[in-house]
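Owing to the predicted nature of the structure, the values given are computational and were not obtained by experimental measurement.
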Amino acid sequence: MNLFGSYDVVVTGAGSSGIVAAIRAAREGAKVLLLEGTGFLGGLITGGRLTKPTGLINSPIFHEMLDRCVGYKGADGRVRESYWGKYTGTFDAEVMQRVIIEMVEEAGVEVLLRAMVVQTVMKDNAVHGLIIRTKSGESLVLGKAFIDASGDGDVAALAGAEFMLGREADGLTQPITSYFRVLNVNVPALIADCEANRADMWEVVYPKEAGNRNEDYAMAVLLTGFQQRIKDKVADGFDWIIPKDHITMKTGLIPGEISVNVTRFQGNGLDDRDLSKAEIEIRKQAYCAFDFLQRFVKGFEDAIFLEVAPKLGIRETRRITGKYTITEADVRGNGRFEDAIGLCNSPVDVHEPGGSRAIMDHVGIGYGIPYRTMIPLKIDNIIMAGRCISADAIAFGSTRNVPACTMTGEAAAIGAALAASRGVPTSAIAVGDIQTRLRELKVWLGTPGEDVPDVLKQAG
């Protein structure tokens with residue numbers, strides 16, 4: 001078999017966690033290969049148009065990414081507050097793509113797009129290589145340490161790791177979605193509509209100093225609600241085909257640009273047929289929602305449908321069983337752990353599997369993410385990063401969000417780079433060594449007795 005190459009650290013998946021992991025590992029001195037199954041970098045934060053981190057960013061690499069976007073006038077990096085807590089800024093997806101390419105290349109990361117991992121090379125229950133399939137055929141990739149940032153836990157599952165899938169009662173996962181984008185919206189009129197119907201809105205976030213120009217609201221508006229309006233119009237005969245009872249929307253970089261989150265498809269994100277159905281059904285739902293907005297929400301009368309995000313928003317698939325599984329009680333109870341690698345304030349964000357509802361519950365000052373959630377049981381030399389870490393179904397509603405994903409990317413990279421430089425498996429790296437480096441990088445860890453940042457001290 002063709003040997004593609006030998007590396008210190010191999011990262012699978014170029015979403016937010018994989019991008020952060022690859023850049024950090026390279027900056028720590030490792031020779032890094034970043035594998036990605038699609039043709040672009042960034043995953044949902046670029047191709048999925050997921051341009052608002054749900055929570056405060058606690059990853060130095062991602063902070064730098066956001067700051068660079070601000071430098072290109074493609075982000076609002078200010079901390080804002082919703083009913084579910086504080087969050088860091090918003091950004092434009094294509095500007096973020098530009099920044100990612102710059103930072104990956106500056107770090108010296110080798111990138112291979114459109115590459116699928118089809119098999120792991122194992123020895124003594126440890127991962128030593130990957131067999132990948134590309135347009136050129138199959139090749140072997142060797143590495144000293146591996147990071148699974150695939151979102152689906154693909155590499156760990158291929159290696160034989162145990163995993164959880166869906167909620168315990170019936171195995172259903174959170175539904176699949178996609179943002180769609182609309183142009184030429186009269187944003188001041190939209191906000192006036194929302195304020196006039198405030199009882200029907202869960203959140204109406206916008207700069208109070210803004211005037212009557214669309215430019216005043218770019219990347220600064222977050223709206224959720226319309227539940228009663230949907231119910232009333234359905235009762236009047238509107239054909240609402242979407243199994244969701246509310247709408248969330250946000251403004252983008254272009255004046256008058258709105259991204260809408262409302263589509264919902266119940267299916268298995270690991271099943272090819274379900275994924276194909278989702279691509280079509282979600283578009284049909286997006287067209288339905290656009291029709292609804294044009295007819296019944298002020299500001300959308302002259303709107304133009306621009307696109308459905310090119311990458312499906314897969315909320316939930318495998319959660320690899322780790323040496324510790326973070327629980328709902330940990331997340332809601334501001335859990336602190338001796339091996340914590342990052343403090344996370346992302347809300348418990350659960351879209352009802354098989355239903356139409358959703359919850360977004362405030363977690364106050366946040367909880368620490370234990371490093372043990374990133375270490376699979378019985379499988380060595382691989383560290384999990386991103387939404388496939390070990391969490392129960394409700395805790396996962398928080399850990400699946402960008403702040404947690406990027407924090408686990410930082411920690412996984414440091415652990416993998418240390419293992420590669422010392423010539424030992426990842427299991428031989430003490431979490432204290434990782435925490436020492438994270439503290440040097442000014443990461444809030446979430447360990448017992450650690451102070452919390454000022455921005456969280458007033459959390460309710």
Under a 3.5 Å distance rule, please check whether [X] uses its side chain to pair with a backbone N or O of [Y] as donor and acceptor.
{"X": "T12", "Y": "S150", "result": "no"}
{"X": "N58", "Y": "G342", "result": "no"}
{"X": "D76", "Y": "R78", "result": "yes"}
{"X": "N334", "Y": "G366", "result": "yes"}
{"X": "R387", "Y": "G151", "result": "yes"}
{"X": "S398", "Y": "A395", "result": "no"}
{"X": "R315", "Y": "P175", "result": "yes"}
{"X": "D148", "Y": "I382", "result": "no"}
{"X": "K123", "Y": "H128", "result": "no"}
{"X": "E316", "Y": "Q174", "result": "yes"}

I need the [X] [atom1] to [Y] [atom2] distance, nearest 0.5 Å.
{"X": "T134", "Y": "F4", "atom1": "OG1", "atom2": "CZ", "answer": "7.5 Å"}
{"X": "F396", "Y": "M164", "atom1": "CZ", "atom2": "CE", "answer": "10.0 Å"}
{"X": "T251", "Y": "I258", "atom1": "OG1", "atom2": "CD1", "answer": "5.5 Å"}
{"X": "L56", "Y": "L343", "atom1": "CG", "atom2": "CG", "answer": "9.0 Å"}
{"X": "T317", "Y": "D271", "atom1": "OG1", "atom2": "CG", "answer": "12.5 Å"}
{"X": "I383", "Y": "I414", "atom1": "CD1", "atom2": "CD1", "answer": "10.0 Å"}

Do the side chains of [X] and [Y] get close enough for a salt bridge, i.e. N-O under 4.0 angstrom?
{"X": "D349", "Y": "R400", "value": "yes"}
{"X": "E94", "Y": "R181", "value": "no"}
{"X": "R27", "Y": "E64", "value": "yes"}
{"X": "D433", "Y": "R422", "value": "yes"}
{"X": "D392", "Y": "R319", "value": "no"}

Write down the atom of [X], the atom of [Y], and the distance for their closest heavy-atom approach.
{"X": "A26", "Y": "V109", "result": "CB-CG2, 3.7 Å"}
{"X": "T408", "Y": "M374", "result": "O-CE, 3.2 Å"}
{"X": "I132", "Y": "L112", "result": "CD1-CD2, 3.5 Å"}
{"X": "A358", "Y": "H246", "result": "CB-CE1, 3.7 Å"}

[X], [atom1] atom: more than 12 neighbouring heavy atoms under 6.0 Å:
{"X": "R167", "atom1": "CZ", "value": "yes"}
{"X": "E168", "atom1": "CD", "value": "no"}
{"X": "R439", "atom1": "CZ", "value": "yes"}
{"X": "K208", "atom1": "NZ", "value": "yes"}

[X]-[Y] side chain donor-acceptor pair, cut-off 3.5 Å:
{"X": "T321", "Y": "S390", "value": "no"}
{"X": "T38", "Y": "K311", "value": "no"}
{"X": "T248", "Y": "T224", "value": "yes"}
{"X": "S139", "Y": "N2", "value": "yes"}

With sequence neighbours excluded, residues passing side-chain contact (heavy atoms from CB on, under 4.5 Å) with K31
Y7, D8

CA sep, side-chain torsions, deciding dist, call: R80, E203, salt bridge (charged side-chain N to carboxylate O under 4.0 Å, His left out):
CA-CA 12 Å; R80 295 193 178 274; E203 61 183 335; over 6 Å; no

All pairs passing ring pair (Phe, Tyr, Trp, His ring centres under 6.0 Å) where residues 70-107 contributes a residue, at least two apart:
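Listed once each, the pairs are W84-Y87.
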
Are K250 and T51 close enough, and set up right, to give a side-chain hydrogen bond (donor to acceptor under 3.5 Å, both in side chains), and what steps lead you there?
CA-CA 9 Å; K250 59 188 177 181; T51 56; 2.9 Å; yes

Looking at V431, D339, T325, which hits side chain to side chain contact (heavy atoms under 4.5 Å, CB included) with P370?
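Result for side chain to side chain contact (heavy atoms under 4.5 Å, CB included) with P370: D339.
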
Are R49 and Y179 in a cation-pi contact, defined as NZ or CZ under 6.0 Å from the six-membered ring centre and within 45° of the axis?
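Pair R49/Y179 does not count as cation-pi.
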
